[in-house]
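Working notes, beginning with the structure itself.
Quick note: residue numbers are just sequence positions, from 1. This structure is a prediction, so every number in the text was calculated from the model and none was measured.
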Amino acid sequence: MDAVITNVINNLFHLIWFFCITLEPKYSWKKTVLIVTGTTVLYQIIVLVLYYMGILTVLNARTMPGFKVHYVVGYLLAVLVFGGMYLFVVSASHPAKSLFLVSAYFSLWTLIYLTISLVTGTVSGAGNMQIWLLRIGLNLFFLILYFSFIRKRLLRIYKEVKSGYGTVSTLSILAFIMMTYLILYNETVAKRGFLYISMIFISCGFVMMVYVMLFRFIGQSDHASRLKQLESHEELLMAQIDSYEEMERNIRQTRHDFRHHNVVVAEYAKDGDCQGILSYLQEYEEKEEQKYASMYSSNTAVNNVLSVYAGKAEQKGIGIDTQIDLCETGEISDYDLVSILANMLENAINGCMQTDGERKIRIFIRNKDRKLVLVCQNTCLPDIVFENGLPHNENRDGVGIESILYSTEKYSGDADFCIEDGMFVCRVLLNMV
């Protein structure tokens with residue numbers, strides 16, 4: 001009965017942990033909770049059936065003395081049931097990312113398992129109130145640590161960093177296999193001397209160092225990703241400065257030429273030539289409109305981005321069509337708006353350059369009912385591959401897409417990517433409150 005209580009405590013924490021490490025859920029949070037809870041109940045039923053039918057007792061009798069196989073069976077069942085549920089049902093992440101988190105969690109679980117076994121001097125660490133309290137206390141400690149220092153950063157890295165997870169997940173799985181071996185070895189050792197305890201501590205310390213290095217590796221990838229974003233923003237800023245300088249030159253020229261225009265109009269007035277005045281003023285207006293034809297929006301940030309990338313598109317022979325109806329942006333910062341729009345346009349220009357024939361980009365921006373909608377369409381190759389709803393290109397790092405998703409999530413928005421009528425379409429919806 002004591003083993004059953006321990007198993008129930010384990011399963012409750014499995015439920016909590018797997019819900020907490022589902023960083024990119026495939027379904028709504030409510031449905032995710034129901035799936036994880038259902039899996040926990042199913043696993044508990046399986047274990048109780050095996051326990052009360054005596055199957056585990058029979059297995060114990062047929063194995064080596066001192067080796068309690070029912071703990072190992074429960075351990076492996078938990079890995080298969082909960083790990084399979086996470087990988088194939090609730091997580092929408094790339095398999096390499098999911099394997100990393102699953103193996104990291106079970107490595108933590110085995111660390112708690114071994115710590116309790118060593119502290120209490122019990123095989124498998126199961127049995128009484130002291131052990132139950134230790135298990136609860138250690139899990140709560142690591143949960144607090146996870147939410148205080150790890151989850152927020154991991155979530156950001158998880159969404160922004162695209163590369164390197166294959167290596168990370170492989171090393172994480174190897175660390176998990178090593179911890180599993182330590183558990184199996186722990187079941188067979190009758191006398192726990194200094195050498196045995198030292199080996200366990202050194203092995204666990206080595207595994208912990210592996211995970212420290214893995215998180216450092218992920219952090220460096222995050223730094224590289226952010227550096228690329230900063231370089232992109234720096235390029236945009238320099239282009240904006242050029243745009244401002246061009247506007248200033250136009251203003252100075254207009255101010256300088258204004259005296260000459262007054263002289264011409266005055267001469268027409270002296271001669272009483274009203275038609276001449278009207279014709280001259282019409283020509284003057286047309287010339288001024290040409291100077292400021294790049295005004296796409298009254299929003300300075302949006303106008304500057306569109307001006308810069310419209311110039312780039314024109315240089316590359318890409319036609320651009322805009323429909324801008326933007327009054328205000330609410331709580332959306334100009335930085336995030338620039339980040340989203342600039343990456344959309346950068347990706348659109350790159351997509352157009354991969355095609356032959358007519359190249360064009362359409363931009364639609366509108367705000368309504370405290371929502372901001374941005375849609376970018378561009379000509380593209382017909383064989384674009386999508387993974388989990390995101391375009392995948394082996395020749396590019398996908399930082400632009402990740403930046404769009406990261407900025408979108410800050411405003412509880414949504415983004416989707418698809419191909420419609422031979423055009424690649426990126427839609428972004430942001431909440432302005």
Tyr411 side chain near Leu372 side chain, heavy-atom distance below 4.5 Å: no

Set of side chain to side chain contact (heavy atoms under 4.5 Å, CB included) partners for Val207, sequence neighbours left out: Ala175, Met178, Met179, Tyr211

Where Gly83 and Val102 come nearest, the two heavy atoms and their spacing: CA-CG1, 4.1 Å

pair Asn347-Cys426: side-chain heavy atoms closer than 4.5 Å: no

Within 6.0 Å of NZ in Lys410, more than 12 heavy atoms from elsewhere: yes

Donor + acceptor pair across side chains of Asp336, Ser339 (<3.5 Å): no

Residues which pass side chain to side chain donor-acceptor pair (under 3.5 Å) with Asn10, listed by chain and number, not counting sequence neighbours: Arg135

Those residues that, when tested against Lys360, pass side chain to side chain donor-acceptor pair (under 3.5 Å) (two or more places apart): none

Ser103 side chain vs Phe100 backbone, donor-acceptor pair below 3.5 Å: yes

All N/O donor-acceptor pairs, side-chain side in residues 31-46, below 3.5 Å, sequence neighbours left out:
| unit_1 | atom_1 | unit_2 | atom_2 | d |
| --- | --- | --- | --- | --- |
| Thr32 | OG1 | Ser28 | O | 2.8 |
| Thr37 | OG1 | Val33 | O | 2.7 |
| Thr39 | OG1 | Ile35 | O | 2.9 |
| Thr40 | OG1 | Val36 | O | 2.8 |
| Tyr43 | OH | Gly74 | O | 2.6 |
| Gln44 | OE1 | Asn11 | ND2 | 2.4 |
| Gln44 | NE2 | Asn7 | OD1 | 3.0 |

Neighbour count above 12 (heavy atom, 6.0 Å) for Phe147 CZ: yes

Close side-chain approach of Lys368 to Val373, heavy-atom, < 4.5 Å: no

Listed partners of Lys26 passing salt bridge (Lys or Arg N to Asp or Glu O under 4.0 Å), at least two apart: none

Enclosure of Asp383 CG (heavy-atom neighbours >12, cutoff 6.0 Å): yes

Heavy atoms from other residues, nucleotides or ligands near CE of Met209 exceed 12 (cutoff 6.0 Å): no

Note, Val428 side chain near Ile404 side chain (heavy atom, < 4.5 Å): yes

Lys371 side chain reached by Arg366 side chain, heavy atoms, under 4.5 Å: no

Distance, nearest 0.5 Å, that separates CG of Leu87 from OG of Ser93: 10.0 Å

Residues forming a side chain to side chain contact (heavy atoms under 4.5 Å, CB included) with Ile384, sequence neighbours excluded: Cys380, Phe386, Pro391, Ile419, Phe424

All side chain to side chain contact (heavy atoms under 4.5 Å, CB included) counterparts of Leu80, not counting sequence neighbours: none

Contact check, side chains of Ile363 and Val375, non-hydrogen atoms, under 4.5 Å: no

Residues that Glu420 engages under side chain to side chain contact (heavy atoms under 4.5 Å, CB included), provided they are two or more places apart: Cys418, Val425, Arg427

Check: Thr322 side chain, Ile324 main-chain N or O, donor-acceptor pair, under 3.5 Å: no

Using a 3.5 Å cut-off and no angle test, enumerate the donor-acceptor pairs between side-chain atoms of residues 14-23 and protein atoms at least two apart in sequence or in another chain.
| unit_1 | atom_1 | unit_2 | atom_2 | d |
| --- | --- | --- | --- | --- |
| His14 | ND1 | Tyr105 | OH | 2.7 |
| Trp17 | NE1 | Asn139 | OD1 | 3.1 |
| Thr22 | OG1 | Phe18 | O | 2.5 |

